[in-house]
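Comments concern the structure below.
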Amino acid sequence: MPRPPRAPRTVADVTATTVTPTSAGAATPAWLDELTAALGRDSVLTDPDVTAAYARDQAMLAPAGLPAAVVLPRTTADVSATMRIAHAHGVPVVPRGAGSGLAGAANAVDGAITLVMTRMDTVLEVSTADRLAVVQPGVVNKALRDEVAQHGLFYPPDPSSYDWCTIGGNLANNSGGLCCVKYGVTTDYVLGLEVVLADGRVLRTGRRTVKGVAGYDLPKLFVGSEGTLGVITEATLSLRPAPQKPVTLVATFSSTAQTGQVVEAAVSCGVVPSLFEVMDRTCIRAVDDLLKADLDRDAHALLVAQSDAGGEAAVAEMEVLAQLCRDAGCELVHVTDDAAEGDLLLAARRMALPALEQLGTTLIDDVAVPRSRIAAFLDGCDAVAGERGLVIGVVGHAGDGNMHPTICFDPADTEQAERAHRAFDDILELGLSMGGTITGEHGVGNLKSEWLEREIGPVSLDVHRSIKRALDPAGLLNPGKMFSAG
């Protein structure tokens, strides 16, 4: 059965030690004095008006508490000191990047420390010979892309929030983006990590070499762990040669079945575009209202694809895809090698979520299904919208089956908000029924923790809990996220 919204999780829910925020006239906790002495007063914030600004990420309906202190470290030593003090006093710690997450993974816990990594924002090294970069976690995704581009290199993972999300957050959630269909997700570019463990010890794991199979693959363990196993303070990332000038395709369809046919045909014939995106009619109209882009408002779906294979190869790849669209009966197909025109077409795709936000508060889902089920999933979301009496727009990465159904509603309307939560669960149920997964790139956080337990099953859940206990026996790191302590 769908669940009602949960109350914010508190320290008392997740650990035996209860910590309360410092109030006027109250004694300052010893751990707070120690933190201030170790990091300096400007790195430890306790004003409730300030700490409230760090209480939650972009998942507006995920439960969130109020941190007792916000800590902004500048070095790995600062993070290590913070974790040692927190460990000694039993104070939970919630790691946080820019707060662009969409699953509540960075949402605060009452009375805990929120550890904000944005001051650690230096690209420490770019090696053209080894095609790698060494970065701190507070580096913004786009800033890294721009930096390595100056060396003729490319860092592919590109979440829609790439111009403000941080690499640390990308690592914590194993973020994806528009280029996943060809280039993969964040974990595919991680060579090595520096991680501060729950007790303050500093772990360096991974390598700088192309190959390396000595020991367990610990970097992969920490990527996607959402700050529940350690705090990433440095990452060694592999890079690609800069892509060639793209060729862009846009096509519109009168049915979702046609769209699904094209995706299946593209996969079957071996076409691998560097970008392959889909928008449904609700998104098309919302974007057109916002951008006045003269989009086809009557189309049921719109596909945008790019090839960065370069020159004639890119043109040929997009022409193959264009023919597949025509064979499926598309309403319109257009191919261009004009970079400015391609950027405008991509802008329409990137503005899908901001456009939907004009229709109300958004509850954004993140479901990945087999590519052969994309059309059925789009139709299923449309059915959920009709059944629940809500506006639901679907935008997503057609190339890898990662869809983002977005529910628009008025949170002030209690009954409508309840229907939105039920629709959210309906969509997760739909995705799982198709052999899919509850998240392709946004993570689990505290928004989907109960659904993770349902997806992975009891044996896998027990393994997850065993790993958590081994690395964080006191349960202090990001408590209440991903799965329950059990």
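Along the sequence shown, residues are numbered consecutively beginning with 1.
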Run the side chain to side chain contact (heavy atoms under 4.5 Å, CB included) test on Tyr155 and Val135 for me, step by step, so that the C-alpha distance in whole Å, both residues' side-chain angles and the decisive distance to 0.1 Å come before the verdict.
CA-CA 12 Å; Tyr155 178 68; Val135 305; over 6 Å; no

If the threshold is 4.0 Å, N to carboxylate O, is there a salt bridge linking Arg119 and Asp78?
no

Could Asp42 and Arg74 be called an ion pair, given the rule that one side-chain N must be under 4.0 Å from one carboxylate O?
yes

Just by modelled atom types, is the Gly440 backbone N or O under 3.5 Å from a matching donor or acceptor in the Asp366 side chain?
yes

Decide side chain to side chain contact (heavy atoms under 4.5 Å, CB included) for Leu171 and Val190; before the verdict, give the C-alpha distance in whole Å, the side-chain angles of both, and the deciding distance to 0.1 Å.
CA-CA 9 Å; Leu171 291 164; Val190 178; 3.5 Å; yes

Among all residues two or more places apart in sequence or in another chain, which pass the salt bridge (Lys or Arg N to Asp or Glu O under 4.0 Å) test with Glu277?
Arg349

Calculate, to the nearest 0.5 Å, the distance between atoms CG and CG belonging to Leu239 and Leu153 respectively.
5.5 Å

Please say whether more than 12 non-hydrogen atoms of neighbouring residues, nucleotides or ligands are located less than 6.0 Å from CZ in Arg465.
yes

Please check this pair: side chain of Thr439 against backbone of His442, looking for a donor-acceptor N/O pair closer than 3.5 Å.
yes

Heavy-atom side-chain proximity of Pro67 to Ile113 below 4.5 angstrom:
no

Tyr189 side chain vs Tyr183 backbone, donor-acceptor pair below 3.5 Å
yes

Please round to the nearest 0.5 Å and tell me the distance separating atom CG of Leu191 and atom OG1 of Thr205.
11.5 Å

Within this structure, what is the OG1-CG distance for the pair Thr186 and Asn170, rounded to the nearest 0.5 Å?
5.0 Å

Tell me the side-chain hydrogen bond (donor to acceptor under 3.5 Å, both in side chains) pairs involving residues 53-63, sequence neighbours left out?
none

With a 4.5 Å limit on heavy-atom distance, are the side chains of Met120 and Val79 in contact?
yes

Rounded to the nearest 0.5 Å, what separates atom CG in Asp472 from atom CG in Leu477?
4.5 Å

Against Gln136, only a single residue in Leu124, Thr118, Ile167 fulfils side-chain contact (heavy atoms from CB on, under 4.5 Å); can you say which?
Leu124

Can a donor-acceptor pair be found, under 3.5 Å and without considering hydrogens, that links the side chain of Arg388 to the backbone of Arg419?
no

Would Glu234 and Thr76 count as having a side-chain donor-acceptor pair, cut-off 3.5 Å?
no

Cation-pi check for Tyr162 against Arg350: NZ or CZ below 6.0 Å from the six-membered ring centre and within 45 degrees of the axis, yes or no?
yes

Taking C-beta and beyond as the side chain, do Asp121 and Val140 meet within less than 4.5 Å on heavy atoms?
no

Are the side chain of Asn107 and the backbone of Pro63 linked by a donor-acceptor contact shorter than 3.5 Å?
yes

Quick one: does Asp308's side chain have a donor or acceptor within less than 3.5 Å of a partner on Ser274's backbone?
no

For side chain to side chain contact (heavy atoms under 4.5 Å, CB included), just list the numbers for Leu353 and Thr362, CA-CA rounded to whole Å, side-chain angles, deciding distance to a tenth of an Å, and then say yes or no.
CA-CA 9 Å; Leu353 294 181; Thr362 54; over 6 Å; no

Backbone of Val116 reached by a side-chain donor or acceptor of Arg96 within 3.5 Å:
no

For the backbone of Val223 and the side chain of Asn174, can you confirm whether one donor and one acceptor N or O come within less than 3.5 Å of each other?
no

Residue pairs meeting side-chain hydrogen bond (donor to acceptor under 3.5 Å, both in side chains), one or both in residues 219-231, sequence neighbours left out, come to Thr187-Lys220

I'd like to check Ile392 versus Thr282 (side-chain heavy atoms, cut-off strictly below 4.5 Å). Are they in contact?
no

Under a 4.0 Å N-O cut-off, is there an ion pair linking Glu387 with Arg422?
no

Please determine whether a side-chain nitrogen of the Lys or Arg among Asp365 and Lys448 lies less than 4.0 Å from a carboxylate oxygen of the Asp or Glu.
yes

Using modelled atom types and a 3.5 Å cut-off, is there a donor and acceptor pairing between side-chain atoms of Asn141 and backbone atoms of Cys165?
no

With a 4.0 Å cut-off, would you call Arg285 and Asp289 a salt bridge?
no

Rounded to the nearest 0.5 Å, how far apart are CG of Leu203 and CD1 of Ile232?
10.5 Å

Taking atom types as modelled, is there a side-chain donor on Thr233 or Glu194 under 3.5 Å from an acceptor on the other?
yes

Flag, side chain of Ser433 to backbone of Leu430, donor-acceptor distance under 3.5 Å
yes

Give, for atom CD of Glu453 and atom CE of Met482, the distance between the pair rounded to the nearest 0.5 Å.
11.0 Å

